[in-house]
Amino acid sequence: MNSPSSILVTGGAGFIGSTFILDWLRPGAERSPIVNLDKLTYAGNPETLASIETSPLYTFAHGDICDADLVRSLLARHQPRAIVHFAAESHVDRSIVGPDAFLRTNIDGTFTLLQAARAYFQGLEGDKRKQFRFLHVSTDEVFGSLEANDPAFCETTPYSPKSPYAASKAASDHLVRAWAHTYGLPALITNCSNNYGPHQFPEKLIPLVLTYALRGKSLPIYGDGQQVRDWLYVGDHASAIRAVLDRGRLGETYNIGGNNQRSNLEVVLAICALLDELVPKSAYRPHRQLLTYVQDRPGHDRRYAINARKIERELGWRPAESFETGLRKTVQWYLDNTEWVERVTSGAYRDWEQTNYTDRGGARGSARDQMKADPEVTR
Ligand code: NAD
Ligand code: DAU
């Protein structure tokens with residue numbers, strides 16, 4: 001049995017959860033033990049956590065957050081002082097093709113965790129009861145889509161989710177708030193912007209473009225490539241979650257963002273420029289010639305932007321990385337870890353690439369044709 005001060009993390013074999021765990025247990029950090037409950041879907045890679053696998057502070061529980069008996073027994077056995085809930089289906093394009101798993105994990109799974117946490121919390125007394133926290137990790141996509149000149153999302157922006165993924169995360173946020181309000185569950189919610197960094201599954205824009213460019217594959221830009229996202233380095237997301245867990249006010253929501261708004265085209269061009277510099281002998285230089293405009297994502301949100309002043313003001317959190325430093329680290333990590341990419345993308349991922357990209361075509365032509373006509377591409 002772990003010590004009473006352990007924390008239960010869900011989805012800790014995924015991109016952000018694994019970053020959080022590795023940081024929590026890094027040498028010298030002197031933090032409490034972690035129990036990681038993860039179903040190991042295609043997005044979960046225990047290999048990412050190999051360096052702490054045998055640590056006495058780490059316990060892995062292979063299972064589903066929808067399994068109420070399993071969640072109850074983990075809480076009873078490990079007596080955690082907090083639950084940090086990352087587990088989710090997280091890819092918007094997959095939610096469009098097959099929303100079922102999103103409703104099941106993101107809504108039913110969160111409901112199951114909340115019920116188990118509520119029963120567990122009711123049985124706690126004294127300091128253990130005062131200490132307990134349920135931290136729900138959510139997304140800025142619950143707020144919907146911004147026009148070019150709209151102010152950034154703040155914590156009071158009304159919810160307006162537009163994709164099945166965003167709707168399922170919005171539903172889970174509402175459940176957490178309801179459990180806090182009705183049953184007094186000591187909950188906290190974080191809504192974060194787009195993350196990037198090492199160990200991100202290569203179905204998401206930045207690792208997808210990076211890994212495709214290294215192989216000379218065309219780089220699929222949905223629609224006109226002018227959609228804007230607010231990028232945050234994943235290590236900064238992990239430090240923000242720690243700040244909210246340590247010092248966040250109960251029942252509050254904290255928006256987390258990098259103040260790094262970039263169009264998709266700008267992001268892809270920045271990756272291509274870094275690859276030109278870091279892989280000077282590449283046969284595919286200049287890598288931007290690989291850009292290809294393809295059919296847009298249905299219902300594609302135009303712009304996200306986060307106002308993170310509340311977490312800065314109340315908890316003193318600020319991102320450590322700029323987009324330039326974070327992206328350089330990320331590109332270098334993928335260059336140094338091509339075997340990781342090979343392993344996680346073998347098997348079923350190939351079917352997903354087929355499903356998502358085969359019918360999209362190169363609707364607006366490749367960058368080789370576009371470069372002359374489009375000043376954004378030639379920049
Ligand atoms: P990810 O897809 O990389 O990882 C998800 C993890 O959850 C995987 O390890 C998977 O095996 C596990 N999982 C899925 N279904 C499960 C289930 N039913 N039971 C137990 N485990 C299950 O996701 P991520 O990018 O690391 O995102 C983590 C959380 O952060 C999600 O809740 C997501 O909505 C949120 N978020 C992500 C971003 C981003 O840019 N990636 C931004 C803001 C918020
Ligand atoms: O905003 C936070 C969200 O960011 C998280 O909640 C999600 O879990 C995470 O996946 C991410 O969602 P996005 O849809 O913004 O991320 P994605 O990497 O899929 O796409 C980023 C942008 O790039 C988006 O405008 C779509 C575009 N895109 C994406 C892919 C995969 C392309 O143009 N081509 C592509 O092949």
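First listed ligand is number 1; within each ligand, the first listed atom is number 1.
Relative to atom 35 (C) of ligand 1, the option among Leu113, Val137, Thr110 with the closest non-hydrogen atom is Val137. Of the candidates Lys39, Gln200, Arg94, the one placing a heavy atom closest to atom 22 (C) of ligand 1 is Lys39. For atom 28 (C) of ligand 1, the choice among Trp231, Phe15, Phe20, Phe86 with the nearest heavy atom turns out to be Phe86. Here atom 38 (C) of ligand 1 lies nearest to Ile16 when heavy atoms of Asp64, Thr190, Ile16, Thr48 are compared.
A ring-centre distance under 6.0 Å is found for Tyr120 and Phe132.
Residue Asn194 approaches ligand 1 through these ligand atoms, each under 4.0 Å from one of its heavy atoms: 40 (O).
Among the candidates Ile65, Leu8, Val137, the single residue satisfying the side chain to side chain contact (heavy atoms under 4.5 Å, CB included) test with His85 is Ile65.
Of all protein heavy atoms, the one lying nearest to atom 19 (N) of ligand 1 is Ile65 N, 3.0 Å.
There is a path of hydrophobic side-chain contacts, each under 4.5 Å, that joins Trp24 to Phe15.
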Report every pair formed by an N or O atom of ligand 2 and a protein N or O atom separated by less than 3.5 Å, giving atom names and the distance to 0.1 Å.
from	atom 1	to	atom 2	distance (Å)
ligand 2	1 (O)	Asp140	OD1	2.5
ligand 2	1 (O)	Asn194	OD1	2.7
ligand 2	4 (O)	Asn194	OD1	3.3
ligand 2	4 (O)	Asn194	ND2	3.1
ligand 2	6 (O)	Thr139	OG1	2.7
ligand 2	6 (O)	Tyr165	OH	2.6
ligand 2	8 (O)	Ser90	O	2.7
ligand 2	8 (O)	Tyr165	OH	3.1
ligand 2	10 (O)	Ser90	O	3.2
ligand 2	12 (O)	Glu141	OE2	2.8
ligand 2	14 (O)	Arg297	NH1	2.6
ligand 2	14 (O)	Arg297	NH2	3.3
ligand 2	15 (O)	Asn194	ND2	2.9
ligand 2	15 (O)	Arg229	NE	2.8
ligand 2	16 (O)	Asn194	ND2	3.4
ligand 2	18 (O)	Leu205	N	2.8
ligand 2	19 (O)	Arg297	NH2	3.0
ligand 2	23 (O)	Asn264	ND2	3.3
ligand 2	25 (O)	Arg229	NH2	3.2
ligand 2	25 (O)	Asn264	ND2	2.8
ligand 2	25 (O)	His300	NE2	2.7
ligand 2	33 (O)	Tyr222	N	2.9
ligand 2	34 (N)	Pro220	O	2.8
ligand 2	36 (O)	Tyr357	OH	2.6

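Side-chain atoms of Thr253 and Lys310 include no donor-acceptor pair closer than 3.5 Å. Side-chain polar atoms of His199 and Thr19 form no donor-acceptor pair below 3.5 angstrom. In summary, the side chains of Arg94 and Tyr42 do present a donor paired with an acceptor at a separation below 3.5 Å, with no hydrogens or angles considered.
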